[in-house]
Peer 1: 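My structure is below; once you've seen it, I'll send some questions.
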Amino acid sequence: MRFSDTGYYIERYIKCGNCGVLVYDEGVKASDPKLADVHFCSDWCVDWRTQRVNGSKAPRIKTG
């Protein structure tokens, strides 16, 4: 979801390409070219989706 410059209306709805959470700003971009057109809400979602796209059946993401 992106708000207009004036804040009076929503230009478009954008959801995270991994978890579906609404992304209110530019979001996070993946460095993997396979995911170049996908918007993400966090680095965690980028890492998880990148592992899945690259063949991992059970992605493991370090937290903290």
Side-chain angles (χ1 to χ4, degrees):
M1 176 186 319
R2 294 177 194 251
F3 292 100
S4 70
D5 292 335
T6 60
Y8 291 119
Y9 62 93
I10 298 168
E11 291 181 6
R12 59 187 174 154
Y13 289 92
I14 298 175
K15 290 187 176 186
C16 175
N18 187 53
C19 68
V21 167
L22 288 175
V23 178
Y24 293 97
D25 53 12
E26 294 302 316
V28 180
K29 289 290 203 174
S31 59
D32 190 325
K34 296 175 192 172
L35 301 170
D37 295 333
V38 183
H39 290 80
F40 294 98
C41 65
S42 66
D43 289 329
W44 190 94
C45 280
V46 171
D47 293 343
W48 194 91
R49 184 68 176 264
T50 300
Q51 287 185 27
R52 288 289 291 173
V53 166
N54 290 318
S56 177
K57 299 286 184 200
R60 299 282 180 168
I61 309 300
K62 293 182 181 179
T63 55

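Scope of the values below: all heavy atoms of this structure, side chains included, with no hydrogens, waters or symmetry mates. Model, not experiment: these values are computed from the prediction.
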Peer 1: Rounded to the nearest 0.5 Å, what separation is found between the CH2 atom of Trp44 and the CD1 atom of Ile61?
Peer 2: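 Those atoms lie 6.0 Å apart.
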Peer 1: Measure across Glu26 and His39 and return the closest heavy-atom pair with its distance rounded to 0.1 Å.
Peer 2: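 Nearest pair, atom of Glu26 first, then His39: O-CD2, 3.5 Å.
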Peer 1: Say whether Val38 and Ile14 are linked into one hydrophobic cluster, either directly or through other cluster members, by side-chain heavy-atom distances under 4.5 angstrom.
Peer 2: no
Peer 1: What are the two closest heavy atoms between Thr50 and Val46, and how far apart are they?
Peer 2: OG1-O, 2.7 Å
Peer 1: When you compare the side chain of Asp47 with that of Lys62, does any pair of heavy atoms fall below 4.5 Å?
Peer 2: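 The answer is no; the side chains never approach within 4.5 Å.
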Peer 1: In terms of heavy-atom contacts, does CG of Asp37 have more than 12 from other residues, nucleotides or ligands at under 6.0 Å?
Peer 2: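 Counting other residues, nucleotides and ligands, CG of Asp37 stays at 12 neighbours or fewer.
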Peer 1: What pair of heavy atoms forms the shortest contact from Cys16 to Phe40, and how long is it?
Peer 2: SG-CA, 3.8 Å
Peer 1: Provide the closest heavy-atom pair for Asn18 versus Cys45 in the form atom of the first, atom of the second, distance.
Peer 2: ND2-SG, 3.5 Å
